[in-house]
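Worksheet: the structure to be examined is printed underneath.
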Amino acid sequence: MSDQGRTNRPPADRIRRSRRVKVAAPGRLMLSSKLEYPCRSLDVSDSGALIQAQVKGLLGEVVVVYLDNVGRIEGRVVRATNSGFAIEFSAPSVS
């Protein structure tokens, strides 16, 4: 089988909507259990972040992350990794 015509692009379901920027900011996170744990952001985009932590949120769980010099961000766990998880930011509700 020839490699002709193949690209090094990720599969269609892994193509990022937004560019990710490496941001290594320490902080803490709060799971839905209301328990807090130390964490660190690894990268951030306009729609989500990759969080390194010793605990992992469950898929779909809402997590609040407080990053030093960044502030509070909230998101839903969308993917687990070996060292933590990825969140998709929650949009604030408008009344």
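No hydrogens, no waters, no symmetry mates; every other heavy atom, side chains included, goes into these values. Since the structure is predicted, the reported quantities are computational estimates derived from the model, not experimental observations.
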Check: Ser41 side chain, Val23 main-chain N or O, donor-acceptor pair, under 3.5 Å: yes

Test item: Glu61 side-chain N/O and Ser32 main-chain N/O as donor-acceptor pair under 3.5 Å: yes

Pairwise side-chain contact, Arg28 with Pro38, heavy-atom cut-off 4.5 Å (strictly under): no

pair Glu74-Val62: side-chain heavy atoms closer than 4.5 Å: yes

Side chain to side chain contact (heavy atoms under 4.5 Å, CB included) against Ser83, all qualifying residues, sequence neighbours excluded: Leu42, Gln52, Thr81

Sub-4.5 Å side-chain heavy-atom contact between Val78 and Leu59: no

Hydrophobic cluster identity match, Leu50 and Leu31, side-chain contacts under 4.5 Å: no

Leu58 and Phe85, any side-chain heavy atoms less than 4.5 Å apart: no

Sub-4.5 Å side-chain heavy-atom contact between Leu67 and Ile73: yes

Closest non-hydrogen atom pair between Phe89 and Asp46, with its separation: CD1-O, 3.7 Å

Working for side chain to side chain contact (heavy atoms under 4.5 Å, CB included), residues Leu29 and Val55: CA-CA 10 Å; Leu29 64 90; Val55 297; 4.2 Å; yes

Contact check, side chains of Ile51 and Val63, non-hydrogen atoms, under 4.5 Å: no

Residues that Asp68 engages under salt bridge (Lys or Arg N to Asp or Glu O under 4.0 Å), provided they are two or more places apart: none

Residues that, via side-chain heavy atoms closer than 4.5 angstrom, fall in one hydrophobic cluster with Met30: Val64, Tyr66

Taking every non-hydrogen atom, the tightest pair across Arg76 and Ser90: N-OG, 4.2 Å

Minimal non-hydrogen separation, Pro26 against Ala24, with atom names: CD-O, 3.9 Å

Exercise: identify the closest heavy-atom pair between Lys56 and Asn82: NZ-O, 3.6 Å

